[in-house]
Undergrad: 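Submitted below is the structure of interest, expressed as structure tokens.
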Amino acid sequence: MLVLAIVGIGGWKLLPSQENKNKTITVGTTDAVTSLDPAGAYDAGSWALFSNVFQTLMTFEPDGVQPVPDAAKSCAFVGSATKTYRCTLRSGITFPSGRAMTAEDVKFSFDRVKRINSDVGPSSLLADLSSVTADNAHTVTFHLSEPDATFPLKVATGAGAIVDRDTYPANALRKDSSVDGTGPYRLTSYTKDQQARLAPNPTYKGYLSSTGRPVELRYYTDSAKLDAAWKAKDIDVASRTLPPDVLAGLNPSDPKERVTESDSSETRNLYLNTRASSPLHDVRVRQAVAWLVDQEQLAATVYQGTVDPLYSLIPTGITGHTTSFFDAYPTQSTKKARELLTQAGVSLPVRFTFAYGKGQGPGEQEAAALKKQLEAGGLFKVDVKGYEWTDFQERMAAGKLDAWAVGWVADYPDADTFGQPLVGTGSTMATGYSNKTVDQLIRNSQQFADRSRAASDFQQIQSTIAQDVPLVPLWQRKEYTVTTEDVGGGQYLMDGTGVYRLWRLDWI
């Protein structure tokens, strides 16, 4: 992703003094960790930690769109059908116990994700994985039920984190606060919702030539508390996410801090429960919602210009992006919304509950703004309710919410990550939405190794979603990282590939 502003980086040499060499870098974030077990987490905070303490067979280079080997020495499809994918492991990778990683550990890790099939886990990413075989100690083969040229991208995500088969239960999630991974860091201590201490892994072998400095992640329940910690100089790095007014007021010329603003493929959508029991079941009711949402106003007021309005399922910068919602609903119209609700024969106002996750940025302010937009003209009555983040995820997964807004951090830099997980049958967002045409288009798009050839499929998907409205796009994030003047590498921390590169942070 294009780095728009990097303050004070060019002329500095990242050569830490002996005094700072082993000093811990503290990083503050509002992205909570829901689970330390890769089979039980599919959220930005957990995956950010996973990308540092676990290895995957493949990973992404900064700003890369194609994965490169990490725990694997090499990976490739067998034949031209993109249904059989084989990897050869690097030699010498060891778990904290000292036992060498083998193909059996890789097989075990993928099998347990599918077997456990957690409601809030990443098993949906592996829906097309039929079986895994450990051919020998260093070779593992994945057998897919459908051709899927995007499978190497999925292998590089948190869903492909490799765990020690001796310390993780095969049929249940691990519940303690330890991690047995082979990533560039080892987790030395963890207190839920408070902190995670990371020490460089002395036995790491993988894509990186070297590991980073000791890091302490500090978790804050909301943006205001993160901002307070930053202003009190309790942390060296603030990322994801300071309050919008603070981000809008950042001064790139301030010599006391380094500010990075970059593009991001993270999106946020308003999701609508399409089940028969939902007050939003009728497609005309959902279309009426789409006629009332004002993305530009949300971006300008609630987020003070620190996000961009979004008008489609796939964000700008990703191959296949369109403006399908702007084309279908070019301006807010109470009149058109009323006509649709009259056709649907529903009693006015249509009443439903809007849920948001507490501590996830300005969720409460956004909810209030959306409530005001949707209640315009007396067509809807919206009851707003906030939930603690883990509770919110569980309610969403169980289909217990009418409508909710949640952000989506791309699993990998491809339009496919906005397909099945968001709008495919059995999607992670659990809206109850199912469309055979959309499912087929998703499968069709996965056949092309040349991803530009999948653009027409994604365009059709977005057009259908704009008509069926299982979601309404809200905005696309700009990514901000702020560091103190004596910390470098903040511009490499995040880049839209789903990897959180703590090892790039260093003392200057």
Undergrad: If you apply the rule side-chain contact (heavy atoms from CB on, under 4.5 Å), what do you find for L187 with S178, and how did you get there?
TA: CA-CA 7 Å; L187 182 66; S178 297; over 6 Å; no
Undergrad: Using only heavy-atom distances, determine whether the side chains of T167 and D180 contain a donor-acceptor pair under 3.5 Å.
TA: yes
Undergrad: Between D164 and R99 (salt bridge meaning N to carboxylate O under 4.0 Å), is one present in this structure?
TA: yes
Undergrad: Would D70 and R90 count as a salt bridge (Lys or Arg N to Asp or Glu O under 4.0 Å) if you check the C-alpha gap in whole Å, the side-chain angles of each, and the deciding distance to 0.1 Å?
TA: CA-CA 8 Å; D70 186 13; R90 293 181 191 266; 5.1 Å; no
Undergrad: Can a side-chain donor-acceptor contact be found between T141 and R86 if the only test is distance below 3.5 angstrom?
TA: yes
Undergrad: For residues S452 and D450, is any side-chain donor paired with an opposing acceptor at under 3.5 Å?
TA: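 Present: a donor and an acceptor within the cut-off.
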Undergrad: Does the side chain of H321 reach to within under 4.5 Å of the side chain of F418, using non-hydrogen atoms?
TA: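 Not touching, per the 4.5 Å side-chain cut-off.
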Undergrad: Do S124 and T428 have side-chain atoms, one donor and one acceptor, less than 3.5 Å apart?
TA: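 Yes, a side-chain donor-acceptor pair sits under 3.5 Å.
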Undergrad: With no hydrogens and no angle check, is any side-chain donor or acceptor of S445 less than 3.5 Å from a backbone partner on A454?
TA: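 Side chain of S445 to backbone of A454, a donor-acceptor pair under 3.5 Å: no, none is there.
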Undergrad: What is the distance from atom CE of M396 to atom CG of D119, rounded to the nearest 0.5 Å?
TA: 10.0 Å
Undergrad: More than 12 non-hydrogen atoms from neighbouring residues, nucleotides or ligands closer than 6.0 Å to NZ on K205, yes or no?
TA: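 No, not enclosed.
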Undergrad: May I ask you to decide whether D236 forms a salt bridge with R218, counting only side-chain N to carboxylate O separations under 4.0 Å?
TA: no
Undergrad: Given the rule in the side-chain contact (heavy atoms from CB on, under 4.5 Å) test, do L502 and L217 qualify, once you have shown the distances and angles that lead to the verdict?
TA: CA-CA 10 Å; L502 292 172; L217 283 168; 4.1 Å; yes
Undergrad: What's the spacing between S51 OG and Y185 OH if we round to 0.5 Å?
TA: 10.5 Å
Undergrad: Within the structure provided, determine whether W408 and P421 are in side-chain contact (heavy-atom separation under 4.5 Å).
TA: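 Contact flag for W408/P421 side chains = yes.
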Undergrad: Step by step, would you call E266 with W475 a side-chain hydrogen bond (donor to acceptor under 3.5 Å, both in side chains)?
TA: CA-CA 9 Å; E266 179 182 351; W475 49 257; over 6 Å; no
Undergrad: In this structure, are over 12 heavy atoms from other groups packed under 6.0 Å from Q365 atom CD?
TA: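 For Q365, atom CD is crowded (more than 12 foreign heavy atoms under 6.0 Å).
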Undergrad: How about L57 and K73: do any of their side-chain heavy atoms sit closer than 4.5 Å?
TA: no
Undergrad: Whether the side chain of Q295 engages the backbone of P473 through a donor-acceptor N/O pair (distance < 3.5 Å, no angle test) should be reported.
TA: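 Indeed, once roles are kept as given, a pair shorter than 3.5 Å links the two residues.
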Undergrad: Side chains of D227 and Y220: donor-acceptor distance under 3.5 Å anywhere?
TA: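 Their side chains do not contain a donor-acceptor pair, so the 3.5 Å distance test is not met.
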Undergrad: Going by distance alone, is a donor N or O of one side chain under 3.5 Å from an acceptor N or O of the other, for T316 and Q476?
TA: yes
Undergrad: If you define the side chain from C-beta out and look only at heavy atoms, does anything of D416 sit under 4.5 Å from L153?
TA: no
Undergrad: Return yes if some donor-acceptor pair links the side-chain N/O of D105 with the main-chain N/O of R165 below 3.5 Å, else return no.
TA: yes
Undergrad: Are any side-chain N or O atoms of S109 and backbone N or O atoms of V163, one a donor and one an acceptor, separated by less than 3.5 Å?
TA: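 Here the side-chain-to-backbone pair exists.
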Undergrad: Output the distance between atom OG1 (T24) and atom CG (L198), rounded to the nearest 0.5 Å.
TA: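 Reported value, rounded in 0.5 Å steps: 9.5 Å.
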Undergrad: Using the benzene-type ring in the case of Trp, are the ring centres of Y500 and W47 under 6.0 Å apart?
TA: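 Between W47 and Y500, which both carry aromatic rings, the centre distance is not below 6.0 Å.
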Undergrad: Could you walk me through whether Y480 and S239 pass the side-chain contact (heavy atoms from CB on, under 4.5 Å) check?
TA: CA-CA 6 Å; Y480 295 86; S239 72; over 6 Å; no
Undergrad: Please answer whether the main-chain N or O of S130 pairs with a side-chain N or O of H143 as donor and acceptor at a distance below 3.5 Å.
TA: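 Absent.
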Undergrad: Are side-chain N/O atoms of H138 and S91 paired as donor and acceptor at under 3.5 Å?
TA: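 No, S91 and H138 have no side-chain donor paired with an acceptor closer than 3.5 Å.
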Undergrad: Which of parallel (below 30°), tilted (30 to 60°) and perpendicular (above 60°) describes F110 and F151?
TA: tilted
Undergrad: Determine, stepwise, if the pair V487 / D506 fulfils side-chain contact (heavy atoms from CB on, under 4.5 Å).
TA: CA-CA 6 Å; V487 173; D506 207 346; over 6 Å; no
Undergrad: Distance only, no hydrogens: is a donor on one side chain within 3.5 Å (strictly under) of an acceptor on the other, for Q55 and Y207?
TA: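 Y207 and Q55 do not have a side-chain donor-acceptor pair below 3.5 Å.
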Undergrad: Parallel, tilted or perpendicular for F392 and W389, by the 30°/60° rule?
TA: parallel
Undergrad: Do the side chain of E61 and the main chain of G64 share a donor and acceptor less than 3.5 angstrom apart?
TA: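 Answer holds: no.
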Undergrad: Are V406 and N269 side-chain neighbours, meaning at least one heavy-atom pair lies under 4.5 Å?
TA: no
Undergrad: Hey, what do you get for CG (L493) to OG1 (T483), rounding to the nearest 0.5 Å?
TA: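 If we round to the nearest 0.5 Å, L493:CG and T483:OG1 are 10.0 Å apart.
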Undergrad: Would the distance check show the side chain of T191 and the main-chain N or O of Q195 forming a donor-acceptor pair, the cut-off being under 3.5 Å?
TA: no
Undergrad: Out of D148, D414, D128, T417, which residue meets the side-chain hydrogen bond (donor to acceptor under 3.5 Å, both in side chains) rule with K154?
TA: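 One option only clears the test, and that one is D148.
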Undergrad: Check the pair K175, D37 against salt bridge (Lys or Arg N to Asp or Glu O under 4.0 Å), reporting the backbone distance first and the verdict last.
TA: CA-CA 8 Å; K175 298 296 186 180; D37 190 328; over 6 Å; no
Undergrad: Could you walk me through whether R501 and D495 satisfy the salt bridge (Lys or Arg N to Asp or Glu O under 4.0 Å) test, starting with their C-alpha distance in whole Å, then the side-chain angles of each, then the deciding distance to 0.1 Å, before giving a yes or no?
TA: CA-CA 9 Å; R501 296 180 171 83; D495 62 2; 3.0 Å; yes
Undergrad: Apply the test side-chain hydrogen bond (donor to acceptor under 3.5 Å, both in side chains) to residues T211 and N201: give CA-CA distance (whole Å), side-chain angles for both, the deciding distance (0.1 Å), then the verdict.
TA: CA-CA 7 Å; T211 56; N201 180 0; over 6 Å; no
Undergrad: Do NZ/NE/NH1/NH2 and the carboxylate oxygens of E485 and K256 come within less than 4.0 Å?
TA: no
Undergrad: Do T34 and S46 have a side chain donor and acceptor closer than 3.5 Å?
TA: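 Yes - a donor-acceptor pair under 3.5 Å links their side chains.
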Undergrad: Going from CD on E257 to CG on D486, what distance comes out if it is rounded to the nearest 0.5 angstrom?
TA: 12.5 Å
Undergrad: Which value, rounded to the nearest 0.5 Å, describes the distance between T267 atom OG1 and L313 atom CG?
TA: 7.5 Å
Undergrad: Looking only at atom types and distance, does a side-chain atom of R112 sit under 3.5 Å from a main-chain N or O of P169, one as donor and one as acceptor?
TA: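 Confirmed, R112 side chain pairs with P169 backbone.
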Undergrad: Are R174 and Y168 in a cation-pi setup, meaning NZ or CZ lies under 6.0 angstrom from the ring centre and within 45 degrees of the ring axis?
TA: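 Output yes; distance and angle both within limits.
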Undergrad: Show the numbers, then the answer: is there a side-chain hydrogen bond (donor to acceptor under 3.5 Å, both in side chains) between S312 and Q462?
TA: CA-CA 7 Å; S312 198; Q462 290 167 100; 2.7 Å; yes
Undergrad: May I ask you to decide if the ring planes of Y271 and W404 are parallel, tilted or perpendicular, using 30° and 60° as cut-offs?
TA: parallel
Undergrad: Are the side chain of R213 and the backbone N or O of P200 linked by a donor-acceptor pair below 3.5 Å?
TA: no
Undergrad: Could you go step by step and tell me if T203 and R186 meet the side-chain hydrogen bond (donor to acceptor under 3.5 Å, both in side chains) rule?
TA: CA-CA 10 Å; T203 64; R186 288 183 176 173; 3.1 Å; yes
Undergrad: Using modelled atom types only, decide if a donor and an acceptor are shared between the side chain of T30 and the backbone of R240 within a distance under 3.5 Å.
TA: yes
Undergrad: Under the salt bridge (Lys or Arg N to Asp or Glu O under 4.0 Å) criterion, do K358 and D222 qualify, and how do the steps go?
TA: CA-CA 8 Å; K358 292 182 178 179; D222 57 53; over 6 Å; no
